[in-house]
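No hydrogens, no waters, no symmetry mates; every other heavy atom, side chains included, goes into these values.
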Amino acid sequence: MAHKKYLAYVDGSFKNECAGYGLIVLLNNSEVYWDCGRIKKYVESRQVVGELGAAVRVVQWCQVNNIPAVEIRYDFHGVKWWATGYWKRKQPLTQEYYRYMQRQMNHVKINWRKVKAHSGNHWNDVADALAKQGATDGT
């Protein structure tokens, strides 16, 4: 039986003073879930709040669906570095993100992988488009 490998691409966007998140989850390279929306808290952090919010939503989805492990692919270093404590958390947003992710990483094993932004990576481009849609439409 093939091993189930979940991958999630996450991204954030900031358009017209609105922050949005986007994510796409793949199982063995097939799309199984996507989400996007507007984030109203910490909007002064612009797209960063969307980047972090997308990662949080991936972990929440994994918990609801009893997914024990996921690889989160991101194009902004802060997604991993604030979650793991590599970067200092000076703002309430990054402090809250760190605390949440530290608690949840006991339940969902996360493998982090950086991808280059705007480089033609199809799934990263999908997450980017979803984040823009979330910032624009607020779905």
Would you say [Y] ends up clustered with [X] if hydrophobic residues are merged whenever their side chains have heavy atoms under 4.5 Å apart, either directly or through other cluster members?
{"X": "V43", "Y": "V56", "answer": "no"}
{"X": "V108", "Y": "V64", "answer": "no"}
{"X": "L93", "Y": "V58", "answer": "yes"}

Compare every heavy atom of [Y] with every heavy atom of [X], then report the nearest pair and how far apart it is.
{"X": "G22", "Y": "L130", "value": "CA-CB, 3.8 Å"}
{"X": "A55", "Y": "V79", "value": "CB-CG1, 3.9 Å"}
{"X": "T84", "Y": "Y98", "value": "C-CE1, 4.1 Å"}
{"X": "D11", "Y": "N124", "value": "OD2-O, 4.2 Å"}
{"X": "V49", "Y": "I39", "value": "O-CD1, 3.4 Å"}
{"X": "D75", "Y": "K114", "value": "O-NZ, 3.1 Å"}

Return the [atom1] to [atom2] distance between [X] and [Y], rounded to the nearest 0.5 Å.
{"X": "K15", "Y": "T136", "atom1": "NZ", "atom2": "OG1", "value": "4.0 Å"}
{"X": "I72", "Y": "M101", "atom1": "CD1", "atom2": "CE", "value": "5.0 Å"}
{"X": "Q63", "Y": "Q104", "atom1": "CD", "atom2": "CD", "value": "4.0 Å"}
{"X": "I67", "Y": "K4", "atom1": "CD1", "atom2": "NZ", "value": "7.0 Å"}
{"X": "K109", "Y": "C62", "atom1": "NZ", "atom2": "SG", "value": "12.5 Å"}
{"X": "T94", "Y": "R89", "atom1": "OG1", "atom2": "CZ", "value": "7.5 Å"}

Is it true that Y21 and D35 share a donor-acceptor pair across their side chains at a distance under 3.5 Å? yes
Indicate whether any N or O donor in one side chain lies under 3.5 Å from an N or O acceptor in the other, for Y42 and E96. yes
Does atom CD of E44 have more than 12 heavy-atom neighbours from other groups under 6.0 Å away? yes
Give the C-alpha distance, both sets of side-chain angles, the deciding distance and a yes or no for side chain to side chain contact (heavy atoms under 4.5 Å, CB included) between Y100 and V59. CA-CA 10 Å; Y100 177 82; V59 171; 4.3 Å; yes
[X] (side chain) donor-acceptor with [Y] (main chain) under 3.5 angstrom:
{"X": "Q47", "Y": "A19", "answer": "no"}
{"X": "R38", "Y": "A135", "answer": "yes"}
{"X": "R99", "Y": "Y97", "answer": "no"}

Measuring only between side-chain heavy atoms, which start at C-beta, is Y9 closer than 4.5 Å to D128? no
Could you walk me through whether N29 and L7 pass the side chain to side chain contact (heavy atoms under 4.5 Å, CB included) test, one step at a time? CA-CA 8 Å; N29 294 315; L7 303 177; 4.1 Å; yes
For Y74 and W112, take the angle between the two ring planes, folded into 0 to 90°, and tell me which bin it lands in: parallel under 30, tilted 30 to 60, perpendicular over 60. perpendicular
Using the six-membered ring wherever Trp is involved, compare the ring planes of W61 and Y33 and label them parallel, tilted or perpendicular (cut-offs 30° and 60°). parallel
